[in-house]
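Encoded as structure tokens, the structure appears first; notes follow it.
Both backbone and side-chain heavy atoms feed into the values below; hydrogens, waters and symmetry mates do not. A, B, ... follow the sequence lines: proteins, then strands. Residue 1 opens every chain.
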2 protein chains.
Amino acid sequence: MSIQNTDIRQHILDTAKPIILGKGFSAVGLNELLNSAEVPKGSFYHYFKSKEYFGEALLDSYFEAYLMRLEILLSAEGMNGAERLMSYWQRWLETQCGDDAETKCMVVKLGGEVSDLSEPMRLALQRGTNHIISRLADGIEEGIADGSLPNDLVAADTALVLYNQWLGATVLTKIWRDQSALESSMCNTERILKHARPLQARSGLW
Amino acid sequence: MSIQNTDIRQHILDTAKPIILGKGFSAVGLNELLNSAEVPKGSFYHYFKSKEYFGEALLDSYFEAYLMRLEILLSAEGMNGAERLMSYWQRWLETQCGDDAETKCMVVKLGGEVSDLSEPMRLALQRGTNHIISRLADGIEEGIADGSLPNDLVAADTALVLYNQWLGATVLTKIWRDQSALESSMCNTERILKHARPLQARSGLW
DNA sequence: TCAAAAATAGACCAGTCGTCTATAGCTTAT
DNA sequence: ATAAGCTATAGACGACTGGTCTATTTTTGA
């Protein structure tokens, strides 16, 4: 019935996550996924319409868990808004340069690969990244409101700029196997959040 | 002979480039590549040791062309250092939101996918990104020297921060099919290059 | 208790992959 | 001119792919 159903479906997703975070989407076959999950191959299509929709479900499941952790970090007691934000970036730094596939960033891993390949998966990535950035923007607003961040910060723009920065640094971290890009992002994040000036409209001069 | 040899090898690389920029590495088979190039399948392994080393060669060839274009932009006559740098970002903005697969960014497309999959390809990406960032740092130095950029800029750090920023924005552009992340990067790039303060050591406070 | 529905099982298909061996074609030296 | 040797071409090959299909088993609810 539905409980069992959801359990096994989720079990497939959970088992697949670190494998796909390691090898990517196209490079992994259903056999490998289902052997690891110890679920017979024939069952797969009972739970998922196709590999593509399985990928969409994997991303939805990933972002659901990610956003829950983000929510916990950004609503922690005993810290001001700036500190809560920095704890998120600090965690990002720690997880993305380690060896644990389980905690790697799915946006970095699959963003480039599947956005041109599958519209359902692209849209799942779109929904997920929008939620993350939007929650970060709220976090910045909270920091401005409690006085721990400069009040001339434009929350939505700043959230996007910071997320971009960390995304790019994480790509380079994968390529370099070295956390220097992430450290540079950490410095720059502190700089932006401390010394911010309003993001300006383009001057058109250049 | 060697001329013919090099021609066909390069022809395979040139034909493969837009296909791989569109679909990624693992999702594209040799058949598709070789049919498009109108080169028989069996010949492939005469020119390349394996698909993996073909991928390495593809990346080397990509970066060689990329760095040549970068060099041209950053040594253009009649502009100061800041203007030359901005012309590079402007070109990035234009190429990465268009539909032309030929001009898309290989680091964004393959960085996440192949860094865990193939060491030769990862190292090719490492060499290429290092060269790009290093040339950008030189460009920043030139801007500082001619007075068009603030002299408190730390060239190497700034180059890395900017490249990270644009890399991440390009990932989001692929996911969103929308150039807002790149526009935000453009604004932020201008802000950094105009209003720069020195990148500070971490305060340890947060 | 038993019929209906849900879930599992894995054989099977057409097609894919990268590899490999055999052959054809060209260059060069004698 | 021709033999030898190397380059390039050709396609067969086995292992595996994602996806489908029909049985079979298990669970559900009347």
Side-chain angles (χ1 to χ4, degrees), chain A residues 1-17 19-59 61 110 113-122 124, chain B residues 1-17 19-59 110 113-114 116-122 124:
Chain A
M1 214 251 152
S2 199
I3 288 178
Q4 170 81 330
N5 181 320
T6 308
D7 279 359
I8 292 189
R9 186 187 142 99
Q10 193 59 46
H11 172 66
I12 297 175
L13 292 172
D14 292 342
T15 315
K17 186 180 145 190
I19 299 175
I20 294 217
L21 276 171
K23 300 192 181 180
F25 186 73
S26 300
V28 175
L30 293 189
N31 282 333
E32 179 175 0
L33 260 23
L34 296 169
N35 286 343
S36 300
E38 292 184 301
V39 169
K41 182 173 184 178
S43 299
F44 182 84
Y45 285 86
H46 178 66
Y47 298 103
F48 304 102
K49 195 163 86 183
S50 66
K51 194 196 184 193
E52 182 176 18
Y53 285 95
F54 156 77
E56 182 194 25
L58 183 74
L59 287 166
S61 157
L110 298 188
E113 182 185 354
V114 308
S115 289
D116 307 309
L117 220 60
S118 157
E119 194 64 3
M121 291 181 76
R122 198 205 111 222
Chain B
M1 213 243 159
S2 198
I3 288 176
Q4 171 82 330
N5 183 319
T6 308
D7 280 358
I8 292 187
R9 187 186 140 99
Q10 193 59 46
H11 171 66
I12 297 175
L13 292 172
D14 292 341
T15 315
K17 185 180 147 190
I19 298 175
I20 293 214
L21 276 171
K23 299 192 183 179
F25 186 74
S26 299
V28 174
L30 261 359
N31 281 334
E32 180 175 0
L33 259 24
L34 296 169
N35 286 343
S36 299
E38 292 184 303
V39 169
K41 182 174 187 176
S43 299
F44 181 84
Y45 284 87
H46 177 68
Y47 298 105
F48 304 101
K49 197 163 83 183
S50 66
K51 194 194 183 193
E52 182 176 18
Y53 285 95
F54 156 77
E56 183 194 25
L58 183 74
L59 287 166
L110 298 189
E113 182 184 352
V114 308
D116 307 310
L117 221 60
S118 157
E119 194 64 2
M121 291 181 77
R122 197 205 111 222

- Note on the structure: Sorted by chain and residue number, the side-chain hydrogen bond (donor to acceptor under 3.5 Å, both in side chains) partners of B/Lys51 (sequence neighbours excluded) come out as none

- Note on the structure: Residues in residues 51-59 of chain A with a heavy atom under 4.0 Å of DNA chain D, by number, are A/Lys51

- Message: From C-beta outward on B/Tyr45, which listed nucleotide comes closest to its side chain: C/dA7, D/dT9, C/dT19?
- Response: C/dT19

- Would you check if A/Leu13 and A/Phe54 make a side-chain contact, meaning some heavy-atom pair closer than 4.5 Å? yes

- Protein-nucleotide distance (B/His46, atom NE2; C/dA22, atom C1'), rounded to Å: 16 Å

- side-chain contact (heavy atoms from CB on, under 4.5 Å) involving A/Ala124 - partner list, sequence neighbours excluded: A/Glu56, A/Leu59, A/Asp60, A/Arg127

- Run the salt-bridge test on B/Lys23 and B/Glu32 with the 4.0 Å N-O cut-off and return the result as yes or no. yes

- Query: What's the NZ-C1' distance between B/Lys49 and D/dA8, to the nearest Å?
  - Reply: 20 Å

- Task: Find the distance A/Tyr47:OH to C/dT8:P and express it as a whole number of Å.
- Result: 3 Å

- What are the residues of residues 26-36 of chain A, sorted by number, that bring a heavy atom to within less than 4.0 Å of DNA chain D? A/Val28, A/Gly29, A/Leu30, A/Asn31

- Query: Taking C-beta and beyond as the side chain, do A/Leu33 and A/Phe44 meet within less than 4.5 Å on heavy atoms?
  - Reply: no

- Would you mind telling me which of C/dT19, D/dG19, D/dT9 lies closest to the side-chain atoms of B/Pro40? D/dT9

So which protein N/O to nucleotides 12-15 of chain D N/O distances come out below 3.5 Å?
none

- Item | Counterpart residues, side-chain hydrogen bond (donor to acceptor under 3.5 Å, both in side chains), relative to A/Asp14 (two or more places apart) | A/Gln10

